[in-house]
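Heads up: the structure comes next, in structure tokens.
This is a predicted model, so every value here is computed, not measured. Convention: sequence-line order gives letters A, B, ...; per-chain numbering from 1.
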Amino acid sequence: MVTSLAIEEKKEEKKERKLPELPNAEKGKVVMRFAPNPNGPPTLGSARGMVVNDEYVKMYDGQLILRFDDTDPRTKRPLLEAYDWYIEDAEWLNVKFDRVIYASKRIPIYYDYIKELLKMEKAYPCFCSREEFKKYRDAGIECPHRNTTAEEALEVWEKMLSGEYKEGEVVIRIKTDMKHKDPAIRDWVAFRIIDCDHPLVGNEYRVYPTLDFESAIEDHLQGVTHIIRGKDLIDSERRQKYIYDYFGWEYPVTKHWGRVKIHEFGKLSTSEIRKKIEKGEYEGWDDPALPTIRAFRRRGFRAEAIRKFLLSLGVGENDVSVSLKNLYAENRKLIDKEANRYFFVWDAVEVKIDGLPEEVTVKIPTKPESGEFRVLRGEKTVFLSGDDWERFKDGELVRLKDFCTVKVDKENRVLEFVSWEMSNEVKKGKNIVHWLSWSDSVVCVVIGDKPRLKWGGFAEKNALKDAGKVVQFERFAFCRIEFASDEGIRAIYTHP
RNA sequence: GCUCCGGUGGUGUAGCCCGGCCAAUCAUACGGGACUCUCGAUCCCGUGACCCGGGUUCAAAUCCCGGCCGGAGCACCA
């Protein structure tokens with residue numbers, strides 16, 4: 001009895017592999033956050049952040065915060081629409097946020113804290129140029145501004161706010177240790193002047209905090225207990241800890257993961273995508289050739305498949321380079337049972353069937369094992385896919401699926417009727433192709449998953465009723481019918 | 001260059017903290033077969049990995065040292 005129970009448990013454990021436990025995590029007390037810069041819509045990469053954080057929070061009955069780290073209106077300028085895209089895509093991915101925070105709307109709060117640090121002489125205004133400071137940093141020497149008194153510092157700070165300094169003239173640095181063995185940690189910038197309107201808050205501020213500062217304060221304010229983020233931010237922690245020490249706060253538990261590279265997309269940053277869209281290389285943020293969540297939604301992927309795929313990547317610190325085939329496999333498991341099957345004839349070739357005794361109506365299974373059928377007319381003239389026609393050899397026997405068996409006459413570009421029945425020869429060679437009569441056809445274009453890749457041809461009219469759904473075009477691929485009318489069908493390539 | 005981090009089959013992952021039950025998990029990919037009037041699905045079967053070299057130990061994927069390879073950071077970007 002005991003043994004069998006143990007076996008059962010083991011089996012379940014194997015099926016539902018969970019994320020590794022978080023250190024020091026108490027049920028009901030975990031607070032995590034996902035902090036993107038909305039300079040574009042969420043991609044698979046950002047979705048990983050959402051999904052894994054969400055999964056942990058669900059695991060521990062905790063809370064998840066969405067925080068927009070949008071404190072640079074110039075270099076990584078936020079995109080106004082993207083704020084909502086994050087919320088929409090998260091919802092679609094079944095990621096639940098307990099609250100949403102916009103850093104750019106909370107700048108005065110960060111001012112209060114830096115003032116505190118200036119008073120404590122743990123921060124100082126620095127008038128060095130970047131180049132000058134780099135020299136000090138590399139040499140491990142303190143810059144002359146470092147021993148500014150609190151009084152002077154506060155005075156400079158007020159002048160910064162009131163606009164007496166130009167952009168680039170002065171920054172506020174956090175005192176760390178100019179002899180720290182890692183130069184990246186030495187006195188880092190917490191505030192700088194940026195004369196540029198912000199998409200969300202306009203011209204309200206010109207003194208902006210850096211990510212490191214804003215994030216440090218905000219994590220504490222929101223009571224974040226655990227942080228999971230990319231390893232590119234690993235030094236952030238070491239920098240931010242100084243502030244935590246000065247204020248006597250406790251730093252959250254952190255975990256970092258490596259970069260994800262998808263074979264099919266290569267390395268594509270949000271800003272690169274943006275440029276390519278502007279240049280017209282992509283049609284928009286939801287171009288099916290793009291790794292954005294919006295594109296995957298458009299292609300008809302299931303959120304559950306994306307979640308599983310992302311979770312299967314684990315939370316290790318090494319970089320992963322993975323193929324989308326894994327995602328396809330997950331998604332296929334979900335859609336295969338539900339997708340209706342239809343014929344889609346691409347690069348259509350029109351051919352006559354010589355000697356067809358009569359035109360008939362044929363029944364073809366719509367869904368495997370469901371007993372549902374669709375009806376097509378078998379007429380004297382049919383369309384075949386160009387690929388198939390090219391492949392055929394003269395005199396070859398071919399089965400028009402569920403219709404009739406024919407012999408190919410390449411020279412005269414016709415098919416000779418052989419029989420209604422399937423022949424063994426055809427069966428062995430698996431020479432079964434899809435086809436379409438004129439009266440059942442509707443113009444169809446399928447937008448591919450590579451830039452500018454498209455297939456044109458005819459789809460069967462039966463597919464018209466599946467607008468919005470994912471179907472399988474037999475012997476082609478799964479596709480989502482995005483638009484359907486008597487004029488034609490536009491479908492988006494999902495995956496094979 | 002400096003500072004960190006990592007290296008398990010083609011790919012991703014579990015195991016590593018607390019050495020033995022690990023001739024190493026799961027998924028995907030690939031190969032073969034069965035079934036099917038789709039190049040899909042399903043069902044069988046199979047292929048295939050602990051970076052290298054030392055050390056500790058009765059015993060190492062797991063601990064220690066060295067090497068090699070890969071990655072990240074060193075911005076008034078996030």
Side-chain angles (χ1 to χ4, degrees), chain A residues 13-15 17 20 23 35-39 69-72 74-78 103 126 128-130 133-134 137-138 140 167-173 180-186 188-194 207-212 214-215 229-236 238-239 256 258-261 263 269-271 308-309 311-330 332-333 336-337 339 341-343 362 364-365 367-369 387 399-405 421-423 426-427 430-434 472-478 496:
Chain A
E13 235 175 86
K14 272 181 182 173
K15 275 206 166 164
R17 173 160 310 117
N37 172 18
N39 61 341
D69 282 345
D70 56 348
T71 57
D72 183 350
R74 199 198 309 279
T75 319
K76 291 249 168 113
R77 189 175 173 80
C126 173
C128 294
S129 69
R130 291 170 202 243
F133 191 82
K134 187 173 168 23
R137 183 179 51 219
D138 291 347
E167 186 172 331
E169 208 175 330
V170 59
V171 298
I172 304 292
R173 289 186 187 277
H180 194 288
K181 58 181 178 171
D182 184 353
I185 309 304
R186 299 173 189 165
W188 50 275
V189 173
F191 281 86
R192 75 288 209 210
I193 298 167
I194 303 175
V207 179
Y208 287 93
T210 56
L211 168 83
D212 279 332
E214 172 265 315
S215 175
R229 59 185 166 197
K231 67 176 176 183
D232 48 324
L233 290 166
I234 218 154
D235 286 340
S236 242
R238 287 192 272 266
R239 283 196 282 255
H256 296 91
R259 233 191 138 83
V260 187
K261 201 171 100 191
H263 295 334
S269 70
T270 304
S271 30
K308 278 195 177 154
F309 170 72
L311 256 11
S312 81
L313 266 30
V315 285
E317 220 170 289
N318 44 355
D319 297 343
V320 298
S321 177
V322 66
S323 165
L324 236 29
K325 282 181 181 171
N326 295 280
L327 208 209
Y328 295 167
E330 288 296 347
R332 191 149 44 220
K333 282 177 201 159
D336 185 64
K337 290 185 253 358
R341 269 60 175 171
Y342 297 111
F343 285 164
V362 300
I364 309 180
K367 261 187 241 182
E369 289 157 36
D387 286 355
R399 177 70 180 174
L400 303 186
K401 188 172 184 270
D402 295 305
F403 176 24
C404 63
T405 305
E421 288 78 39
M422 170 66 120
S423 90
V426 172
K427 206 167 181 174
K430 293 200 166 182
N431 218 352
I432 303 164
V433 303
H434 55 104
Q472 190 195 56
F473 285 138
E474 292 191 51
R475 304 208 315 132
F476 182 70
F478 287 98

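Using atom P as the reference point in both rA14(B) and rC30(B), the two lie 23 Å apart (nearest Å). Between rC69(B) and rC52(B), the distance separating the two P atoms is 15 Å to the nearest Å. The gap from the P atom of rG20(B) to that of rA61(B) amounts to 10 Å, rounded to the nearest Å.
Using a 4.0 Å heavy-atom criterion, one finds that V171(A) contacts the bases of the nucleic acid, with or without backbone contacts as well. Within 4.0 Å (heavy atoms only), T71(A) reaches sugar-phosphate atoms of the nucleic acid but no base atom. Residue contacts for R186(A): at a heavy-atom cut-off of 4.0 Å it reaches no nucleic acid atom on any strand shown. Using a 4.0 Å heavy-atom criterion, one finds that D232(A) contacts the bases of the nucleic acid, with or without backbone contacts as well. Using a 4.0 Å heavy-atom cutoff across all strands shown, C128(A) reaches at least one base atom of the nucleic acid. At the heavy-atom level, D402(A) lies under 4.0 Å from base atoms of the strands shown. Among the atoms of the strands shown, base atoms are found under 4.0 Å from some heavy atom of G168(A).
A donor-acceptor contact under 3.5 Å is formed by the side chain of K430(A) with the base of rU36(B). In this model, a side-chain donor or acceptor of Q472(A) finds a partner on the base of rU38(B) within 3.5 Å. Applying the 3.5 Å distance criterion, the base of rC37(B) shares no donor-acceptor pair with the side chain of K401(A).
For the pair F476(A) CZ and rU38(B) P, the computed distance is 18 Å after rounding to whole Å. The NZ atom of K231(A) sits 18 Å away from the P atom of rU3(B) (whole-angstrom rounding). In this structure, CD of E474(A) is placed 14 Å from P of rA41(B), rounded to the nearest angstrom. Rounded to whole Å, atom P of rU38(B) lies 5 Å from atom CD1 of I432(A). Note: NE2 (H434(A)) to P (rU36(B)) measures 21 Å, nearest angstrom. Rounded to whole Å, atom P of rA72(B) lies 16 Å from atom CG of D182(A). As rounded to whole Å, 8 Å separates atom P of rG12(B) from atom CG of N318(A).
T405(A) has its side chain within reach of V426(A): a pair of non-hydrogen atoms, C-beta onward, lies under 4.5 Å apart. Between T270(A) and K76(A) the shortest side-chain heavy-atom distance does not fall below 4.5 Å. Residues T210(A) and F191(A) have side chains not in contact (no heavy-atom distance under 4.5 Å, counting atoms from C-beta outward). Within the 4.5 Å cutoff, no side-chain heavy atoms of P496(A) are placed close to those of F478(A).
Using a cut-off of 4.0 Å between Lys/Arg side-chain N and Asp/Glu carboxylate O, K134(A) and D138(A) are scored as salt-bridged.
For rA41(B), one of the phosphate oxygens OP1 or OP2 lies less than 4.0 angstrom from a side-chain nitrogen or oxygen of R332(A).
Among R341(A), K367(A), R332(A), the single residue meeting the side chain to side chain donor-acceptor pair (under 3.5 Å) criterion with Q472(A) is R341(A).
Each of E317(A) and F133(A) was assigned the nucleotide of RNA chain B with the nearest heavy atom; the assignment lying further toward the 5' end belongs to E317(A).
Paired regions of RNA chain B, where each region holds three or more successive Watson-Crick or G-U pairs whose two hydrogen-bonding distances fall under 3.5 Å, are B:1-7 with B:68-74, B:10-12 with B:26-28, B:29-34 with B:42-47, B:51-55 with B:63-67.
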